[in-house]
Asks: 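Sharing a structure with you now.
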Amino acid sequence: RRTSTIKHRTQKIKMAKKSSEFEKNLQKLQKIVEQLEQGDLPLEKGVDLFKQGLSLVHSCRQQLKKAKHEVSVFIQETETDMSERNNNEL
């Protein structure tokens, strides 16, 4: 049980760090979109921002995919722990 608790705390810390990185990337992406929507950028600058934006979108998608997987694993582990506890109580 103690190992399980430590494991869950470690997962929470990792997810918090990833969430912070995701939020930063999302803010950067929002700024890029605002700049592009203004429409007064030189072509080269606009293309450069567009490329940066695509890179950030890709990064955010990867982070979301990984977070979804981690949540699934966490749920499975939690269900297994609860099932084992219930079996031990019987």
Side-chain angles (χ1 to χ4, degrees):
R1 178 170 157 84
R2 182 182 170 149
T3 303
S4 177
T5 303
I6 292 170
K7 193 176 191 179
H8 292 296
R9 286 183 186 157
T10 303
Q11 287 175 337
K12 283 183 181 180
I13 291 168
K14 285 181 183 177
M15 289 191 73
K17 287 180 182 177
K18 290 175 185 171
S19 175
S20 175
E21 182 181 338
F22 177 82
E23 294 297 326
K24 286 178 186 176
N25 284 341
L26 197 56
Q27 286 176 353
K28 288 178 188 177
L29 183 58
Q30 288 171 337
K31 288 179 183 177
I32 288 172
V33 169
E34 289 171 5
Q35 288 178 317
L36 290 172
E37 285 179 340
Q38 289 177 0
D40 59 352
L41 296 171
L43 180 60
E44 285 185 33
K45 178 71 173 171
V47 170
D48 185 49
L49 285 173
F50 183 78
K51 288 178 182 178
Q52 289 177 36
L54 285 179
S55 177
L56 289 167
V57 166
H58 177 73
S59 177
C60 287
R61 282 187 178 155
Q62 290 300 107
Q63 289 171 320
L64 286 172
K65 184 177 177 180
K66 191 170 183 178
K68 182 178 178 181
H69 174 73
E70 289 178 8
V71 167
S72 295
V73 169
F74 178 77
I75 289 170
Q76 289 174 348
E77 289 175 353
T78 301
E79 288 174 349
T80 300
D81 287 348
M82 290 176 69
S83 177
E84 288 175 0
R85 280 190 215 138
N86 289 339
N87 289 338
N88 290 335
E89 290 175 1
L90 298 176

Asks: Say you draw a straight line from CG of Leu26 to NZ of Lys28; how long is it, rounded to the nearest 0.5 Å?
Replies: 11.5 Å
Asks: Please find the pair of heavy atoms, one from Leu41 and one from Gln35, that lie closest to each other, and give the distance.
Replies: CD1-O, 3.7 Å
Asks: Report yes or no: does Ser72 contribute a side-chain atom to a donor-acceptor pair with the main-chain N or O of Lys68 at less than 3.5 Å?
Replies: yes
Asks: Which heavy atom of Leu64 sits nearest a heavy atom of Phe22, and at what distance?
Replies: CG-CE1, 3.7 Å
Asks: Identify the heavy atoms of Leu56 and Leu29 that sit nearest to each other, and give their distance.
Replies: CD1-N, 3.8 Å
Asks: Donor-acceptor pair, Thr80 side chain versus Gln76 backbone, under 3.5 Å?
Replies: yes
Asks: Taking atom NE2 of His58 and atom CG of Leu54, what is their separation to the nearest 0.5 Å?
Replies: 10.5 Å
Asks: Evaluate the side-chain proximity of Glu44 to Asp48: yes if any heavy-atom separation is below 4.5 Å, no if none is.
Replies: no
Asks: Got a second to check how far Asn25's CG is from Gln27's CD, nearest 0.5 Å?
Replies: 9.5 Å
